[in-house]
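Following: one structure in structure tokens, then a few remarks.
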Amino acid sequence: EKDGFDWFMLKEIAEQPKAVADTLLGRLSDTGALVLDELRLTEQELRDIDKVFVVACGTAYHAGLIAKYAIEHWTRIPVEVELASEFRYRDPVLDRSTLVVVVSQSGETMDTLMALRHAREQKAKVLAICNANGSTIPRESDAVLYTHAGPEVAVASTKGFLTQVVACYLVGAFLAQVRGVKYADEVAAIVDELRALPEKVTEVLATMEPVRELARSLATEDTLLFLGRHVGYPVALEGALKLKELAYIHAEGFAAGELKHGSIALIDQGTPVVVIVPSPLSRESVHGKVVSNIQEVRARGARTIVIAEEGDEDVVPFADHLIRVPRTPTLLAPVVTTVPLQVLACEIAATRGLDVDQPRNLAKSVTVE
Ligand code: M6R
């Protein structure tokens, strides 16, 4: 039931703090260690992993792109992210020391299932990150880490996505813990930061009224661009996908640094451009460069919609619309920066009079290749 919400999607957006908390539940010990017995790999097998593939479709693929940044940084294991529909046709290099992480909310996506079968035939170890208990993908995998998002009814994935991202962090931090790496202190600190996430998502949700208002003013646009860097890049892709599937508006996500290599030619007077700004405090910060990107698109006429951390004053002069999110370590920021993009897409679609929960041409699980 929709519990008083107009759409399942709105209900599921609102459930995200609980979904994230439930996904962390029992997996973070009081001593700061991670407990992931579900991985069902021996310590030796975990230490022997020399390559990780994350394989998924659509929104789950975007979660995989975020996973790459976190897992590589924390563990120093190389990570490749692949669209499931491309994976096996590329004849990827797989063996016993390869970990293939398949990410699927429904656990029934045929492309992902075929990729997992291929990986297992090649003797790779397959870990499923999945939301649907007992579905086909976890049943056929060597191990499964369930995201405890609860049932997701709306075709557009929201809480499914956020919990997939969190599960990927858990896998990365756990691998780092077992293998003992350079960034051990940072990984220990991340455990506390993970615990703080549900509260931060609640904070974002409490400030969404201006985003809804903004969305109503964007409902007649025919194109929107999304820019991000580092983990903000997959968030940009996710924001664009949500808008395409719900509002049937042309939308594209770009790595902000690529703009000058061609796409900036798209910017015209009034083109709405959503920019996801990384934290000014982060060690991996590309903050200054993204602020310059905002200036560049604005100088060419863009209407800028800026998502930035509380306290980031550098963006203020260049933001036509400013959406604030709580301070969050860079790698974890997608959990907060994605939420306004979900609300934006949902509200634009509703304003256009569309069926938010059942967009045209789409099914909740895609069981054909
Ligand atoms: O159930 P899955 O996570 O395997 O689904 C993968 C995609 O089909 C799915 O994320 C799709 O992109 C969503 N409709 C996006 O909102």
Side-chain angles (χ1 to χ4, degrees), residues 7-13 15-16 19 23 53-67 81-87 100-117 119 126-141 144-168 226 234-249 251-253 334 338-339 341-346 348-349 354-369:
W7 302 103
F8 278 107
M9 184 180 177
L10 283 176
K11 175 179 176 244
E12 289 160 9
I13 289 173
E15 285 170 345
Q16 291 183 113
T23 301
F53 281 96
V54 186
V55 182
C57 305
T59 284
Y61 170 74
H62 299 153
L65 292 175
I66 294 165
V81 192
E82 289 259 347
L83 291 167
S85 54
E86 292 293 326
F87 184 67
V100 175
V101 182
V102 290
V103 186
S104 175
Q105 188 287 129
S106 64
E108 301 296 348
T109 301
M110 188 55 76
D111 287 317
T112 311
L113 179 61
M114 297 313 280
L116 112 72
R117 286 183 181 158
V126 177
L127 166 69
I129 291 179
C130 184
N131 194 45
N133 244 294
S135 53
T136 312
I137 286 173
R139 275 206 320 270
E140 293 202 17
S141 298
V144 52
L145 183 64
Y146 279 108
T147 52
H148 296 300
E152 193 179 62
V153 176
V155 164
S157 184
T158 54
K159 60 178 183 171
F161 173 73
L162 242 54
T163 55
Q164 284 163 351
V165 172
V166 167
C168 290
F226 294 75
V235 172
L237 295 177
E238 174 61 6
L241 178 61
K242 285 278 120 34
L243 195 64
K244 283 183 267 199
E245 73 175 332
L246 295 173
Y248 321 150
I249 293 178
E252 272 193 77
T338 305
V339 176
L341 304 184
Q342 299 168 339
V343 173
L344 195 72
C346 182
I348 292 178
L354 302 171
D355 185 335
V356 170
D357 288 335
Q358 293 281 337
R360 69 183 178 198
N361 308 342
L362 294 174
K364 183 62 184 162
S365 43
V366 183
T367 52
V368 290
E369 253 195 292

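Whatever order the structure lists ligands and atoms in, that order sets their numbers, starting from 1. Nothing here was measured: the structure is a model prediction, and the numbers come from that model.
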Worksheet item: Just checking, is any N or O donor in the side chain of Thr59 or Glu238 under 3.5 Å from an acceptor N or O on the other one?
Response: yes
Item to complete: Apply side-chain contact (heavy atoms from CB on, under 4.5 Å) to Glu15 and list each qualifying residue two or more places apart in sequence or on a separate chain.
Response: Lys11, Glu12, Lys159
Fill in: Contact atoms of ligand 1, heavy-atom distance to Ser104 under 4.0 Å
1 (O), 2 (P), 3 (O), 4 (O)
Worksheet item: Which atoms of ligand 1 have any heavy atom of Ala156 under 4.0 Å away?
Response: 16 (O)
Worksheet item: Hey, is Lys242 one of the residues with a heavy atom under 4.0 angstrom from ligand 1?
Response: yes
Worksheet entry | N or O pair under 3.5 Å between Gln105 and ligand 1 | yes
Worksheet item: Looking at CE of Met110 and SG of Cys57, how far apart are the two atoms once the value is rounded to the nearest 0.5 Å?
Response: 11.5 Å
Item to complete: Establish, from distance only, whether the side-chain atoms of Glu152 and Ser157 form a donor-acceptor pair under 3.5 Å.
Response: yes
Worksheet entry | Taking atom 1 (O) of ligand 1 as the reference point, the nearest protein heavy atom with its distance | Ser106 OG, 2.7 Å
Item to complete: State whether the shortest distance between N or O atoms of Thr109 and N or O atoms of ligand 1 falls below 3.5 angstrom.
Response: yes
Worksheet item: Which ligand 1 atoms, with their elements, are less than 4.0 angstrom from a heavy-atom of Gly58?
Response: 12 (O)
Worksheet item: For atom 10 (O) of ligand 1, which candidate among Asp111, Val155, Thr59 holds the nearest heavy atom?
Response: Thr59
Practice prompt. Could you tell me which residues satisfy side-chain contact (heavy atoms from CB on, under 4.5 Å) with Arg139, sequence neighbours excluded, listed by chain and number?
Written response: Thr136
Worksheet item: Mind checking whether Ser365 has a heavy atom under 4.0 Å from ligand 1?
Response: no
Item to complete: For the residue pair Thr338 and Lys242, confirm or rule out a side-chain donor-acceptor distance under 3.5 Å.
Response: no
Practice prompt. Look at atom 16 (O) of ligand 1 and say which protein heavy atom is nearest, naming residue and atom and giving the distance to 0.1 Å.
Written response: Glu245 OE2, 2.4 Å
Item to complete: Considering only non-hydrogen protein atoms, determine which one is nearest to atom 8 (O) of ligand 1 and report residue, atom name and distance to 0.1 Å.
Response: Val366 CG2, 4.2 Å
Fill in: Spacing of CG belonging to Asp357 relative to CH2 belonging to Trp7, to within rounding of 0.5 Å
6.0 Å
Discussion item. Can you report which non-hydrogen protein atom sits closest to atom 6 (C) of ligand 1, along with the distance?
Written reply: Cys57 O, 3.4 Å
Worksheet item: What distance separates Thr158 OG1 from Ile13 CD1, expressed to the nearest 0.5 Å?
Response: 5.5 Å
